[in-house]
Amino acid sequence: RTADIAPRPREPAGLVRLGRALEVRGENWYEALTYGGKLISTAGLAWRSWKHLRIPSIVRHAYETGYQAVPVVAVIAFLISVISAYISAQQLRPYGGEIFTVDIVALGVLREFGVLLTAIMVAGRSGSAYAAELGVMRLNDEVDALESMGMNPYEVLVLPRVLALVIAMPLLTVVADAMGLAGGAVLTGYLLDLPWEQFVARLDSAIG
């Protein structure tokens with residue numbers, strides 16, 4: 001009889017959630033490792049022939065990722081540098097150390113802000129665009145169509161985008177660094193009446 005069957009012990013809810021979270025995390029790590037391995041193997045095969053590198057595709061993605069992102073990256077880097085220089089000057093003014101605003105701007109922009117802002121902008125702008133584009137292609141079975149034609153989707157879709165990002169990211173970082181330093185120069189010249197020659201001399205000392 002069912003009444004004589006002992007009730008099944010309830011599983012601890014906390015352990016169940018922990019186990020499921022670990023399972024999901026393990027699956028994500030496995031997918032990331034698989035993705036990276038396929039990408040590296042595809043890149044190794046593509047370097048043997050220029051045809052497999054698909055130079056026109058790389059150039060197009062580098063143009064979309066790099067050149068078209070220059071205005072946004074430049075404006076953001078300029079404004080962030082102006083804001084950081086203004087706050088630094090206001091905090092240093094009571095102690096008579098306004099000149100160290102140049103040091104803060106130079107080190108902050110070249111060490112942190114330039115690379116970080118560029119990475120955030122590229123991830124938000126180009127990364128989301130790539131995800132949406134590839135997701136739509138997956139839904140429309142275009143990836144399966146490439147595989148049925150004997151083409152490697154990683155070679156056609158993934159590798160050109162990755163190489164374009166590798167090319168565009170350092171160049172965008174240089175633009176962000178230059179605009180960040182320009183923003184610091186404008187703010188210090190306007191707020192502290194610091195001549196351009198003195199700013200450059202202090203900048204060279206701080207970078208050194």
Kindly indicate whether the side chain of [X], heavy atoms from C-beta on, has any atom under 4.5 Å from the side chain of [Y].
{"X": "Gln198", "Y": "Ile99", "result": "yes"}
{"X": "Tyr130", "Y": "Leu165", "result": "yes"}
{"X": "Arg93", "Y": "Leu191", "result": "yes"}
{"X": "Arg161", "Y": "Leu134", "result": "yes"}

Where the side chain of [X] meets the backbone of [Y], is there a donor-acceptor pair that is under 3.5 Å apart?
{"X": "Asn140", "Y": "Glu142", "result": "no"}
{"X": "Ser126", "Y": "Ala123", "result": "no"}
{"X": "Ser148", "Y": "Ala145", "result": "yes"}
{"X": "Ser81", "Y": "Gly184", "result": "yes"}
{"X": "Asn28", "Y": "Val24", "result": "yes"}
{"X": "Thr65", "Y": "Ala62", "result": "no"}

Do we see a donor-acceptor contact under 3.5 Å between the side chains of Tyr86 and Thr101? no
Flag the pair Arg60 and Glu64 as a salt bridge only when some basic side-chain nitrogen lies within less than 4.0 angstrom of an acidic carboxylate oxygen. yes
Whether over 12 other heavy atoms sit under 6.0 Å from Phe113 CZ: no
Give a yes or no on this: more than 12 heavy atoms of other residues, nucleotides or ligands lie within 6.0 Å of atom CD of Glu133. yes
